[in-house]
Amino acid sequence: MLQSCIENLGSSRRNEFMSLSELPLSYCTNVHPGRSVAEIEAGLDRFTVPIRTRFANPLAAGLWLAKPVIDELFSTSDGVDRFARSLANRGLTCHTLNAFPYGDFHDVRVKEKVYLPDWTTDQRFLYTMGCAKVLAILLGDTPEGSISTLPLGFKGLSRSPSFCGDTIANLIGLAVGLRGLHEQTGKLIRLAIEPEPLCVLETTAEAVRFFSELCDVARKAGAEEAVRTHIGLCYDVCHQAVEFEDVARSIQALDGAGVRINKLHLSCAIQLDQPAGNPEGRAALRRYIEPRYLHQTIARGLDGKIVRQTDLNEALIADPGEGFADAPAWRIHFHVPIDADRLGPLATTRPDLKNALGAVAKLSYAPHLEVETYTWEVLPGAGPNDLIDGLSRELTSASKMLDLIGE
C-alpha cells in the first residue's frame with residue numbers, strides 16, 4: 001500500500017497554515033496557438049506581454065510546448081538557449097510547462113485526440129522527457145519546475161490488457177530520468193498527472209489507488225524515492241468540481257494518502273441548476289456546444305448517484321435521459337473565466353475554486369499555481385480582443401483570492 005510512500009516524504013508539516021507559492025502567477029499559453037517556436041513567440045508578443053502590463057504584477061509564462069516545438073528547439077545546438085533568452089528579453093519567467101496536448105491543440109477538432117499518445121507509449125515518454133530538459137534550462141535561477149500531463153489515457157478509447165503495467169513502467173522510467181536530470185543540472189522537475197472526467201484517472205479515489213500501485217511497483221524496482229520525488233498530480237479544480245467532489249476534502253484525502261499535488265490549475269466549470277425547470281438555462285447552455293474540445297457533462301441525483309455523458313450535445317439538452325432529467329444540477333467540463341460567478345442564467349463552480357485554494361494553503365508545501373482557461377477562442381462572444389482583457393481579469397481575480405486566503 002502507500003505506507004512506504006508516506007514515510008520520509010521530506011520536510012514535515014511546519015504548521016497548520018502556510019502561504020501559497022511565492023512564485024509569480026502564470027496562465028497557460030495553450031489558450032493561443034503554438035505549433036512552432038515562431039508562433040509561440042508571436043503569441044507572447046501579442047498576448048502575454050500586454051497581459052503582464054495590464055496585470056501590473058509579476059507574471060510567469062505557463063508554456064504549452066507541443067511535440068513539434070520540442071523537436072524544433074532541439075534541432076540546433078543553441079535552440080533552447082535562444083528561446084530562454086527570448087523569454088528573458090520579454091520580461092517573462094517560466095516555472096511550469098503543459099505537456100498534456102502532444103499535437104495541435106487548436107485543430108478544428110481536438111476532442112478525444114488530446115489523450116493520444118497515452119502513457120503506455122514511447123512517444124509520450126520521450127516527449128515528456130524532452131519537455132523536462134527544456135524546462136531545466138528555462139527555469140534559470142528557479143530550482144524547481146513542474147510539467148502537467150494527461151490522466152494516463154481516456155476510458156472511451158481502446159486500451160490493451162497491459163495498459164496499467166505499461167503505464168507504470170513508463171512513469172517509473174520517467175522518474176528515474178528526472179532524477180538523473182536533477183543530478184546533472186541541479187533542477188528538480190516534477191511531473192503532474194492531471195485527472196479529468198471520463199479519463200483513466202478521474203476521481204480522487206482512482207488517483208489514490210493508482211499512486212498506491214505505482215509506489216508499490218516502484219519500491220520493488222528500487223525506484224520508490226525517485227517516484228515519490230518526481231511524480232504527483234496536477235489538481236485541476238474545474239475537473240474535480242465537475243465530478244461533484246468536495247474539493248477541500250479531496251485535497252485533504254490526497255495529502256493524507258501521500259499523493260503530492262505538484263501543480264494547481266485555477267479553473268472553473270459551468271453549472272446548470274434545476275435543468276428540468278430551467279428552459280432559459282438550457283437555451284444558454286446550447287451556445288456552449290462546439291466542435292473543438294470535449295465537454296464531459298455530469299449530473300448528480302438527489303440520491304447522490306452520478307451519471308456521465310461523454311460530450312455536451314443537443315440531444316442531451318433537448319431530451320435528457322435517465323439521471324439527467326431530474327437531477328438538481330449538471331456540471332459541464334467547459335473551462336470558463338474564473339472571475340465569473342455567473343454567465344447569464346448559468347452558474348459556475350467558482351466557490352469550489354475558493355475552497356480549493358484554501359485547502360492547498362494548508363499543505364506543507366506550495367504547488368505551482370496556473371490559471372488555465374484554454375477555451376477563450378470557443379467561448380460564445382469571445383475573440384482576440386477579449387483575450388487580453390479576459391485573462392487580465394482572471395489573473396487579477398486569482399491574485400485577490402490568494403491575498404484574502406493569506407490574510
Side-chain angles (χ1 to χ4, degrees), residues 1-9 67 98-103 112-133 146-182 189-236 239-240 243 253-254 256-263 294 296 308 310:
M1 300 297 290
L2 276 177
Q3 186 58 41
S4 59
C5 291
I6 296 172
E7 294 172 354
N8 303 316
L9 277 172
K67 175 62 161 56
N98 187 331
F100 191 141
Y102 181 93
E112 70 280 354
K113 292 190 297 183
V114 77
Y115 308 109
L116 296 173
D118 63 35
W119 261 104
T120 66
T121 64
D122 291 342
Q123 295 100 307
R124 178 62 65 174
F125 169 86
L126 293 171
Y127 163 58
T128 309
M129 197 66 218
C131 286
K133 292 175 181 177
S146 61
I147 302 175
S148 50
T149 189
L150 78 160
L152 311 184
F154 186 61
K155 288 176 179 174
L157 297 174
S158 61
R159 288 174 282 135
S160 71
S162 63
F163 180 92
C164 188
D166 293 342
T167 294
I168 286 175
N170 271 339
L171 289 173
I172 291 174
L174 185 85
V176 172
L178 293 177
R179 180 177 61 190
L181 186 65
H182 186 201
I189 310 294
R190 303 183 194 270
L191 186 72
I193 302 169
E194 184 178 336
E196 182 178 315
L198 277 74
C199 291
V200 174
L201 290 193
E202 177 174 6
T203 66
T204 299
E206 287 173 338
V208 169
R209 285 196 299 270
F210 176 76
F211 272 85
S212 173
E213 185 170 355
L214 173 63
C215 247
D216 186 52
V217 175
R219 177 178 54 80
K220 295 173 182 176
E224 178 189 357
E225 183 179 358
V227 166
R228 178 165 30 87
T229 301
H230 294 284
I231 309 293
L233 285 186
C234 172
Y235 195 97
D236 190 302
H239 296 173
Q240 302 318 122
E243 295 286 341
L254 291 167
V259 180
R260 195 180 195 280
I261 298 173
N262 291 329
K263 184 174 181 178
L294 202 62
Q296 302 94 314
R308 295 170 169 84
T310 301

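The shown structure was predicted, so the numbers you read here are calculated from the model rather than taken from an experiment. Computed over heavy atoms, backbone and side chain alike; hydrogens, waters and symmetry mates excluded.
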Q. More than 12 non-hydrogen atoms from neighbouring residues, nucleotides or ligands closer than 6.0 Å to CD on Glu225, yes or no?
A. no
Side chains of [X] and [Y] in contact at under 4.5 Å (non-hydrogen atoms):
X      : Y      : answer
Thr204 : Gln240 : yes
Val227 : Val217 : no
Thr149 : Leu191 : yes
Lys67  : Gln123 : no
Pro151 : Val200 : no
Glu206 : Pro195 : no
Thr121 : Tyr102 : no

Q. So, Arg308 and Glu243, do they make that salt bridge, N to O below 4.0 Å?
A.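 The answer is yes: the pair qualifies as a salt bridge.
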Q: Go through the side-chain N and O atoms of Lys263 and Ser146 and say whether any donor and acceptor fall under 3.5 Å apart.
A: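 There is no such pair between these side chains.
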To the nearest 0.5 Å, what is the distance between [atom1] on [X] and [atom2] on [Y]?
X      : Y      : atom1 : atom2 : result
Ile193 : Ile147 : CD1   : CD1   : 12.0 Å
Cys131 : Leu126 : SG    : CG    : 11.0 Å
Thr120 : Arg159 : OG1   : CZ    : 10.5 Å
Asp166 : Leu152 : CG    : CG    : 12.0 Å
Cys215 : Ile168 : SG    : CD1   : 10.0 Å
Arg179 : Thr229 : CZ    : OG1   : 8.5 Å

Using every non-hydrogen atom in the two residues, find where [X] and [Y] come nearest and quote the distance to one decimal.
X      : Y      : value
Gly173 : Phe125 : C-CE1, 3.6 Å
Ala192 : Asn262 : CB-CB, 4.0 Å
Arg124 : Asp118 : CB-O, 3.2 Å
Phe211 : Leu233 : CE1-CD2, 3.5 Å
Ile189 : Leu178 : O-CD1, 3.6 Å
Cys199 : Lys155 : O-CE, 2.8 Å

Q) Can you name the one residue among Tyr115, Trp119, Phe163 that meets ring-ring contact (aromatic ring centres under 6.0 Å, His included) with Phe154? A)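 With Phe154 as partner, Tyr115, Trp119, Phe163 yield a single ring-ring contact (aromatic ring centres under 6.0 Å, His included), made by Tyr115.
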**Q.** Evaluation steps, side-chain contact (heavy atoms from CB on, under 4.5 Å), between Thr203 and Val208
**A.** CA-CA 9 Å; Thr203 66; Val208 169; over 6 Å; no
